[in-house]
Novice: 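Take a look at the following structure, please.
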Number of protein chains: 2
Amino acid sequence: MRPDDPLLKLPGYLLRRASAATLAELNGRLAKLGIRHTDAAFLILVAGQPGLTQSEACRIFEMQRANMVPLVARLERRGVVERHRVDGRSQGLVLTVTGAALHQRARRIVERYEAELLRRVPAKWRALVLPILTALWRPAR
Amino acid sequence: MRPDDPLLKLPGYLLRRASAATLAELNGRLAKLGIRHTDAAFLILVAGQPGLTQSEACRIFEMQRANMVPLVARLERRGVVERHRVDGRSQGLVLTVTGAALHQRARRIVERYEAELLRRVPAKWRALVLPILTALWRPAR
DNA sequence: TATTGTTATACTCTATAACTATA
DNA sequence: TATAGTTATAGAGTATAACAATA
(Lines give C-alpha, C1' and ligand atoms only; values in the text may rest on other atoms or scores of the structure.)
Protein backbone atom coordinates (compact mmCIF):
# COMPACT_ATOMS: atom_id res chain seq x y z
CA MET A 1 0.00 0.00 0.00
CA ARG A 2 2.94 2.27 -0.65
CA PRO A 3 2.28 5.53 -2.44
CA ASP A 4 2.88 5.54 -6.14
CA ASP A 5 6.48 5.69 -7.24
CA PRO A 6 6.94 6.87 -10.84
CA LEU A 7 10.51 5.59 -10.91
CA LEU A 8 9.67 1.91 -10.67
CA LYS A 9 10.12 1.41 -14.39
CA LEU A 10 13.76 2.48 -14.34
CA PRO A 11 16.26 -0.39 -14.06
CA GLY A 12 18.96 1.73 -12.44
CA TYR A 13 16.57 3.05 -9.84
CA LEU A 14 15.26 -0.45 -9.14
CA LEU A 15 18.81 -1.71 -8.89
CA ARG A 16 19.54 0.85 -6.20
CA ARG A 17 16.35 0.25 -4.27
CA ALA A 18 16.72 -3.52 -4.44
CA SER A 19 20.34 -3.32 -3.37
CA ALA A 20 19.63 -1.00 -0.47
CA ALA A 21 16.66 -3.01 0.77
CA THR A 22 18.36 -6.39 0.57
CA LEU A 23 21.60 -5.11 2.09
CA ALA A 24 19.69 -3.75 5.06
CA GLU A 25 18.18 -7.20 5.42
CA LEU A 26 21.58 -8.89 5.32
CA ASN A 27 23.06 -6.41 7.78
CA GLY A 28 20.21 -7.18 10.14
CA ARG A 29 21.00 -10.88 10.00
CA LEU A 30 24.75 -10.36 10.36
CA ALA A 31 24.24 -8.10 13.38
CA LYS A 32 24.15 -11.12 15.66
CA LEU A 33 27.79 -11.72 14.69
CA GLY A 34 28.67 -8.08 15.24
CA ILE A 35 29.60 -7.60 11.60
CA ARG A 36 28.14 -6.06 8.46
CA HIS A 37 28.05 -7.06 4.82
CA THR A 38 31.42 -5.48 4.13
CA ASP A 39 33.08 -7.60 6.80
CA ALA A 40 31.34 -10.72 5.56
CA ALA A 41 32.61 -10.19 2.02
CA PHE A 42 36.09 -9.58 3.38
CA LEU A 43 36.01 -12.75 5.47
CA ILE A 44 34.85 -14.83 2.52
CA LEU A 45 37.53 -13.34 0.30
CA VAL A 46 40.39 -13.88 2.74
CA ALA A 47 39.19 -17.36 3.63
CA GLY A 48 39.26 -18.27 -0.03
CA GLN A 49 42.56 -16.58 -0.81
CA PRO A 50 44.62 -16.63 2.36
CA GLY A 51 47.72 -14.51 2.17
CA LEU A 52 46.38 -11.99 -0.30
CA THR A 53 47.44 -8.44 0.37
CA GLN A 54 45.35 -5.42 1.25
CA SER A 55 45.98 -3.92 -2.15
CA GLU A 56 44.83 -7.05 -3.89
CA ALA A 57 41.68 -7.10 -1.83
CA CYS A 58 41.11 -3.46 -2.74
CA ARG A 59 41.41 -4.21 -6.43
CA ILE A 60 38.96 -7.08 -6.17
CA PHE A 61 36.41 -5.01 -4.28
CA GLU A 62 37.25 -1.91 -6.27
CA MET A 63 37.66 0.15 -3.15
CA GLN A 64 40.30 2.67 -2.16
CA ARG A 65 43.37 1.44 -0.29
CA ALA A 66 42.77 4.15 2.26
CA ASN A 67 39.40 2.67 3.15
CA MET A 68 40.79 -0.80 3.65
CA VAL A 69 42.95 0.35 6.54
CA PRO A 70 40.27 0.86 9.19
CA LEU A 71 38.45 -2.28 8.05
CA VAL A 72 41.51 -4.48 8.54
CA ALA A 73 42.50 -2.65 11.73
CA ARG A 74 39.10 -3.28 13.27
CA LEU A 75 39.08 -6.97 12.36
CA GLU A 76 42.66 -7.32 13.57
CA ARG A 77 41.82 -5.68 16.90
CA ARG A 78 39.04 -8.19 17.17
CA GLY A 79 41.45 -11.06 16.65
CA VAL A 80 39.84 -12.18 13.42
CA VAL A 81 42.59 -11.48 10.94
CA GLU A 82 46.37 -11.32 11.08
CA ARG A 83 48.82 -9.47 8.87
CA HIS A 84 52.09 -11.09 7.87
CA ARG A 85 54.71 -9.02 6.11
CA VAL A 86 55.62 -10.74 2.88
CA ASP A 87 57.59 -8.01 1.36
CA GLY A 88 58.60 -5.08 3.48
CA ARG A 89 55.79 -3.07 2.08
CA SER A 90 53.07 -5.68 1.43
CA GLN A 91 51.34 -7.70 4.08
CA GLY A 92 49.46 -10.92 3.53
CA LEU A 93 46.12 -11.31 5.23
CA VAL A 94 45.08 -14.54 6.93
CA LEU A 95 42.20 -15.45 9.20
CA THR A 96 42.97 -16.53 12.73
CA VAL A 97 41.25 -19.56 14.24
CA THR A 98 38.69 -17.17 15.67
CA GLY A 99 38.41 -15.60 12.25
CA ALA A 100 37.84 -18.94 10.56
CA ALA A 101 35.03 -19.68 13.00
CA LEU A 102 33.48 -16.27 12.39
CA HIS A 103 33.82 -16.84 8.67
CA GLN A 104 31.90 -20.10 8.91
CA ARG A 105 29.04 -18.46 10.77
CA ALA A 106 29.00 -15.50 8.40
CA ARG A 107 29.04 -17.76 5.38
CA ARG A 108 26.06 -19.69 6.66
CA ILE A 109 24.08 -16.50 7.02
CA VAL A 110 25.19 -15.16 3.65
CA GLU A 111 24.37 -18.39 1.87
CA ARG A 112 20.94 -18.59 3.38
CA TYR A 113 20.36 -14.97 2.45
CA GLU A 114 21.53 -15.48 -1.11
CA ALA A 115 19.39 -18.56 -1.52
CA GLU A 116 16.36 -16.67 -0.26
CA LEU A 117 17.02 -13.82 -2.64
CA LEU A 118 17.15 -16.20 -5.54
CA ARG A 119 13.97 -17.91 -4.46
CA ARG A 120 12.15 -14.60 -4.66
CA VAL A 121 12.51 -14.74 -8.41
CA PRO A 122 10.06 -17.00 -10.26
CA ALA A 123 11.78 -20.28 -11.05
CA LYS A 124 11.64 -19.86 -14.81
CA TRP A 125 13.74 -16.67 -14.60
CA ARG A 126 16.11 -17.72 -11.85
CA ALA A 127 18.93 -18.81 -14.14
CA LEU A 128 19.02 -15.31 -15.63
CA VAL A 129 19.56 -13.44 -12.39
CA LEU A 130 23.34 -13.72 -12.36
CA PRO A 131 23.84 -13.10 -16.09
CA ILE A 132 21.57 -10.06 -16.03
CA LEU A 133 23.15 -8.52 -12.95
CA THR A 134 26.58 -9.19 -14.36
CA ALA A 135 25.63 -7.58 -17.66
CA LEU A 136 24.27 -4.50 -15.93
CA TRP A 137 27.44 -4.22 -13.93
CA ARG A 138 29.96 -4.90 -16.64
CA PRO A 139 28.68 -5.31 -20.15
CA ALA A 140 30.51 -8.02 -22.04
CA ARG A 141 31.99 -5.64 -24.57
CA MET B 1 41.96 -8.27 -15.90
CA ARG B 2 40.64 -7.99 -12.39
CA PRO B 3 41.78 -10.51 -9.84
CA ASP B 4 39.49 -13.38 -9.14
CA ASP B 5 36.47 -12.62 -7.02
CA PRO B 6 34.87 -15.69 -5.43
CA LEU B 7 31.70 -13.76 -4.69
CA LEU B 8 30.63 -13.26 -8.27
CA LYS B 9 28.15 -16.10 -8.09
CA LEU B 10 26.12 -14.49 -5.32
CA PRO B 11 23.12 -12.49 -6.51
CA GLY B 12 23.05 -10.19 -3.48
CA TYR B 13 26.72 -9.39 -3.85
CA LEU B 14 26.31 -8.76 -7.56
CA LEU B 15 23.32 -6.58 -6.85
CA ARG B 16 25.41 -4.43 -4.54
CA ARG B 17 28.36 -4.20 -6.91
CA ALA B 18 26.19 -3.44 -9.90
CA SER B 19 24.27 -0.82 -7.99
CA ALA B 20 27.40 0.88 -6.65
CA ALA B 21 29.15 0.89 -10.01
CA THR B 22 26.22 2.18 -12.01
CA LEU B 23 25.30 4.80 -9.41
CA ALA B 24 28.83 6.16 -9.52
CA GLU B 25 28.42 6.39 -13.27
CA LEU B 26 25.15 8.28 -12.96
CA ASN B 27 26.55 10.61 -10.33
CA GLY B 28 29.40 11.39 -12.68
CA ARG B 29 26.99 12.37 -15.42
CA LEU B 30 24.77 14.40 -13.10
CA ALA B 31 27.77 16.29 -11.73
CA LYS B 32 27.54 18.78 -14.58
CA LEU B 33 24.17 19.83 -13.12
CA GLY B 34 25.60 20.02 -9.62
CA ILE B 35 23.30 17.27 -8.37
CA ARG B 36 23.45 13.60 -7.53
CA HIS B 37 21.17 10.61 -8.04
CA THR B 38 19.20 11.38 -4.89
CA ASP B 39 18.38 14.88 -6.09
CA ALA B 40 17.46 13.58 -9.54
CA ALA B 41 15.01 11.07 -8.06
CA PHE B 42 13.55 13.81 -5.90
CA LEU B 43 13.13 16.16 -8.86
CA ILE B 44 11.44 13.48 -10.92
CA LEU B 45 9.12 12.60 -8.07
CA VAL B 46 8.09 16.18 -7.30
CA ALA B 47 7.71 17.02 -10.98
CA GLY B 48 5.33 14.10 -11.35
CA GLN B 49 3.43 14.71 -8.13
CA PRO B 50 3.57 18.42 -7.44
CA GLY B 51 2.31 19.36 -4.00
CA LEU B 52 3.21 16.12 -2.31
CA THR B 53 4.52 16.54 1.21
CA GLN B 54 7.92 15.70 2.62
CA SER B 55 6.45 12.82 4.57
CA GLU B 56 4.85 11.37 1.48
CA ALA B 57 8.13 11.61 -0.40
CA CYS B 58 9.82 9.86 2.51
CA ARG B 59 7.35 7.00 2.38
CA ILE B 60 7.83 6.59 -1.35
CA PHE B 61 11.61 6.56 -1.07
CA GLU B 62 11.50 4.64 2.20
CA MET B 63 13.80 7.11 3.86
CA GLN B 64 13.64 8.77 7.25
CA ARG B 65 11.85 12.09 7.61
CA ALA B 66 14.89 13.46 9.37
CA ASN B 67 17.01 12.86 6.29
CA MET B 68 14.61 14.65 3.99
CA VAL B 69 15.12 17.93 5.81
CA PRO B 70 18.64 18.79 4.59
CA LEU B 71 17.81 17.52 1.09
CA VAL B 72 14.83 19.85 0.72
CA ALA B 73 16.65 22.69 2.47
CA ARG B 74 19.53 22.46 0.03
CA LEU B 75 17.29 22.41 -3.02
CA GLU B 76 15.20 25.23 -1.60
CA ARG B 77 18.29 27.35 -0.96
CA ARG B 78 19.18 26.72 -4.56
CA GLY B 79 15.82 28.00 -5.71
CA VAL B 80 14.78 24.69 -7.18
CA VAL B 81 11.89 23.75 -4.93
CA GLU B 82 9.36 25.67 -2.87
CA ARG B 83 7.39 24.65 0.18
CA HIS B 84 3.77 25.67 0.57
CA ARG B 85 2.00 25.04 3.85
CA VAL B 86 -1.12 23.06 3.14
CA ASP B 87 -1.96 22.18 6.63
CA GLY B 88 -0.17 23.96 9.42
CA ARG B 89 2.09 21.00 9.85
CA SER B 90 2.42 19.63 6.29
CA GLN B 91 4.00 21.46 3.45
CA GLY B 92 3.49 20.67 -0.20
CA LEU B 93 6.55 20.59 -2.42
CA VAL B 94 6.60 22.15 -5.86
CA LEU B 95 9.35 22.86 -8.34
CA THR B 96 10.08 26.47 -9.21
CA VAL B 97 10.61 27.51 -12.82
CA THR B 98 14.31 27.02 -12.25
CA GLY B 99 13.52 23.64 -10.71
CA ALA B 100 11.43 22.58 -13.67
CA ALA B 101 14.32 23.43 -16.00
CA LEU B 102 16.75 21.52 -13.84
CA HIS B 103 14.34 18.61 -13.76
CA GLN B 104 14.23 18.53 -17.55
CA ARG B 105 17.98 18.39 -17.84
CA ALA B 106 18.25 15.78 -15.10
CA ARG B 107 15.58 13.66 -16.69
CA ARG B 108 17.40 13.68 -20.00
CA ILE B 109 20.55 12.40 -18.34
CA VAL B 110 18.68 9.82 -16.30
CA GLU B 111 16.77 8.52 -19.28
CA ARG B 112 19.87 8.18 -21.38
CA TYR B 113 21.59 6.41 -18.49
CA GLU B 114 18.68 4.05 -17.96
CA ALA B 115 18.49 3.25 -21.65
CA GLU B 116 22.19 2.49 -21.74
CA LEU B 117 21.90 0.23 -18.72
CA LEU B 118 19.17 -1.73 -20.38
CA ARG B 119 21.14 -2.03 -23.58
CA ARG B 120 23.94 -3.71 -21.69
CA VAL B 121 21.69 -6.70 -21.24
CA PRO B 122 21.38 -9.02 -24.24
CA ALA B 123 18.17 -8.23 -26.09
CA LYS B 124 16.57 -11.59 -25.44
CA TRP B 125 16.71 -11.01 -21.66
CA ARG B 126 15.93 -7.32 -21.62
CA ALA B 127 12.25 -7.70 -20.86
CA LEU B 128 13.12 -9.59 -17.70
CA VAL B 129 15.30 -6.93 -16.14
CA LEU B 130 12.49 -5.01 -14.45
CA PRO B 131 10.54 -8.07 -13.27
CA ILE B 132 13.64 -9.72 -11.86
CA LEU B 133 14.86 -6.60 -10.03
CA THR B 134 11.38 -6.01 -8.70
CA ALA B 135 11.14 -9.60 -7.49
CA LEU B 136 14.50 -9.39 -5.73
CA TRP B 137 13.42 -6.21 -4.06
CA ARG B 138 9.90 -7.16 -3.07
CA PRO B 139 8.82 -10.69 -3.73
CA ALA B 140 5.22 -10.86 -4.94
CA ARG B 141 4.01 -12.71 -1.87
C1' DT C 1 -2.90 10.19 20.44
C1' DA C 2 -0.80 10.22 15.98
C1' DT C 3 1.52 12.90 12.46
C1' DT C 4 4.72 16.54 10.37
C1' DG C 5 8.71 18.73 10.30
C1' DT C 6 12.71 19.52 12.79
C1' DT C 7 17.30 19.26 15.52
C1' DA C 8 21.08 16.78 17.05
C1' DT C 9 23.88 13.06 16.57
C1' DA C 10 26.38 9.00 15.06
C1' DC C 11 27.86 5.39 11.97
C1' DT C 12 29.00 3.39 7.45
C1' DC C 13 30.79 3.87 3.02
C1' DT C 14 33.29 6.34 -0.24
C1' DA C 15 36.73 9.70 -2.19
C1' DT C 16 41.02 12.59 -2.43
C1' DA C 17 45.47 14.24 -1.29
C1' DA C 18 49.67 13.59 0.69
C1' DC C 19 53.11 11.10 3.29
C1' DT C 20 56.68 6.92 4.24
C1' DA C 21 58.97 3.11 3.08
C1' DT C 22 59.88 0.01 0.17
C1' DA C 23 60.44 -2.25 -4.79
C1' DT D 1 59.31 5.66 -10.80
C1' DA D 2 55.71 2.86 -9.21
C1' DT D 3 53.58 0.36 -5.41
C1' DA D 4 51.82 -0.74 -0.40
C1' DG D 5 50.19 0.89 3.47
C1' DT D 6 48.98 4.79 6.02
C1' DT D 7 47.01 9.38 7.85
C1' DA D 8 43.84 12.98 7.64
C1' DT D 9 39.82 14.69 5.98
C1' DA D 10 35.45 15.39 3.75
C1' DG D 11 31.07 14.23 1.76
C1' DA D 12 27.16 11.22 1.03
C1' DG D 13 23.69 8.24 2.87
C1' DT D 14 21.35 6.26 6.66
C1' DA D 15 19.62 5.52 11.52
C1' DT D 16 17.74 6.84 16.18
C1' DA D 17 15.90 9.72 19.76
C1' DA D 18 13.56 13.56 21.08
C1' DC D 19 11.01 17.89 20.59
C1' DA D 20 7.27 21.48 19.15
C1' DA D 21 3.35 22.34 16.59
C1' DT D 22 -0.66 20.59 14.73
C1' DA D 23 -4.38 17.21 13.53
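Proteins get letters first, then strands, A, B, ... in listed order; numbering begins at 1 in each.
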Novice: Without decimals, in angstroms, what is the distance between Ile35(A) CD1 and dC13(C) P?
Specialist: 11 Å

Novice: Near DNA chain D, under 4.0 Å by heavy atom, which residues of residues 38-47 of chain A?
Specialist: none

Novice: Go through the structure and list residues passing side chain to side chain donor-acceptor pair (under 3.5 Å) with Thr134(A), not counting sequence neighbours.
Specialist: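 Thr134(A) satisfies side chain to side chain donor-acceptor pair (under 3.5 Å) with no other residue.
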
Novice: Rounded to whole Å, please give me the gap between CZ in Arg74(A) and P in dT12(C).
Specialist: 7 Å

Novice: Can you list the residues that meet the side chain to side chain contact (heavy atoms under 4.5 Å, CB included) rule with Glu82(B), with sequence neighbours excluded?
Specialist: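 Glu82(B) satisfies side chain to side chain contact (heavy atoms under 4.5 Å, CB included) with His84(B), Val94(B), Thr96(B) once adjacent residues are dropped.
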
Novice: Thinking salt bridges, do Arg17(A) and Glu62(B) make one under a 4.0 Å N-O criterion?
Specialist: yes

Novice: Output one letter per nucleotide in nucleotides 3-9 of chain C: B when a protein non-hydrogen atom lies under 4.0 Å from the base, S when only the sugar-phosphate is that close, - when neither is.
Specialist: BBBBBB-

Novice: Rounded to whole Å, please give me the gap between CZ in Phe61(A) and P in dT14(C).
Specialist: 11 Å

Novice: Please set out all donor-acceptor pairs under 3.5 angstrom arising from side-chain atoms of residues 30-45 of chain A, sequence neighbours excluded.
Specialist:
residue: Lys32(A); atom: NZ; partner: Arg29(A); partner atom: O; Å: 3.3
residue: His37(A); atom: ND1; partner: Arg16(B); partner atom: NE; Å: 3.4
residue: Asp39(A); atom: OD1; partner: Arg74(A); partner atom: NH1; Å: 3.1
residue: Asp39(A); atom: OD1; partner: Arg74(A); partner atom: NH2; Å: 2.9
residue: Asp39(A); atom: OD2; partner: Arg36(A); partner atom: N; Å: 2.9

Novice: Mind checking what makes salt bridge (charged side-chain N to carboxylate O under 4.0 Å, His left out) contact with Arg108(A), not counting sequence neighbours?
Specialist: none

Novice: Between dA12(D) atom P and Met68(B) atom CE, what is the distance in whole Å?
Specialist: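 So the CE-P distance, Met68(B) to dA12(D), works out to 17 Å.
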
Novice: Partners of Ala135(B) by side chain to side chain contact (heavy atoms under 4.5 Å, CB included), sequence neighbours excluded?
Specialist: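 Residues passing side chain to side chain contact (heavy atoms under 4.5 Å, CB included) with Ala135(B): Val121(A), Pro122(A).
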
Novice: Which residues within residues 19-33 of chain B lie with some heavy atom under 4.0 Å of an atom in DNA chain C?
Specialist: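 Within residues 19-33 of chain B, no residue comes under 4.0 Å of DNA chain C.
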
Novice: Take atom CE of Met63(A) and atom P of dT12(C), then tell me their distance rounded to the nearest Å.
Specialist: 13 Å

Novice: Quick one: salt bridge (charged side-chain N to carboxylate O under 4.0 Å, His left out) partners of Arg112(B), sequence neighbours excluded?
Specialist: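 Testing Arg112(B) for salt bridge (charged side-chain N to carboxylate O under 4.0 Å, His left out), a comparison that skips the adjacent residues, returns none.
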
Novice: Enumerate the salt bridge (charged side-chain N to carboxylate O under 4.0 Å, His left out) contacts for residues 88-101 of chain A, please, sequence neighbours excluded, ordered by first and then second residue.
Specialist: Asp87(A)-Arg89(A)

Novice: If I take atom CD in residue Gln64(B) and atom C1' in nucleotide dA12(D), what distance separates them, rounded to the nearest angstrom?
Specialist: 16 Å

Novice: Sequence neighbours excluded, which residues qualify as side chain to side chain contact (heavy atoms under 4.5 Å, CB included) partners of Gln64(B)?
Specialist: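 With sequence neighbours excluded, Gln64(B) shows a side chain to side chain contact (heavy atoms under 4.5 Å, CB included) to Asn67(B), given in chain and number order.
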
Novice: Send over the distance from Leu52(A) CG to dA4(D) C1', rounded to a whole Å.
Specialist: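 Value for this atom pair: 13 Å.
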
Novice: Output yes when Arg138(A) and Glu25(B) qualify as a salt bridge under the 4.0 Å nitrogen-oxygen rule, no when they do not.
Specialist: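 Judged by the 4.0 Å cut-off on N to carboxylate O distance, Arg138(A) and Glu25(B) do not form a salt bridge.
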
Novice: Scan for salt bridge (charged side-chain N to carboxylate O under 4.0 Å, His left out) pairs involving residues 121-132 of chain A, sequence neighbours excluded, and state none if there are none.
Specialist: none

Novice: Does His37(B) place a side-chain N or O at less than 4.0 Å from the phosphate oxygens OP1/OP2 of dA12(D)?
Specialist: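 The answer is no; no side-chain N or O of His37(B) sits under 4.0 Å from OP1 or OP2.
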
Novice: Could you state the atom-to-atom distance from CG of Leu71(A) to P of dT6(D) in whole Å?
Specialist: 12 Å

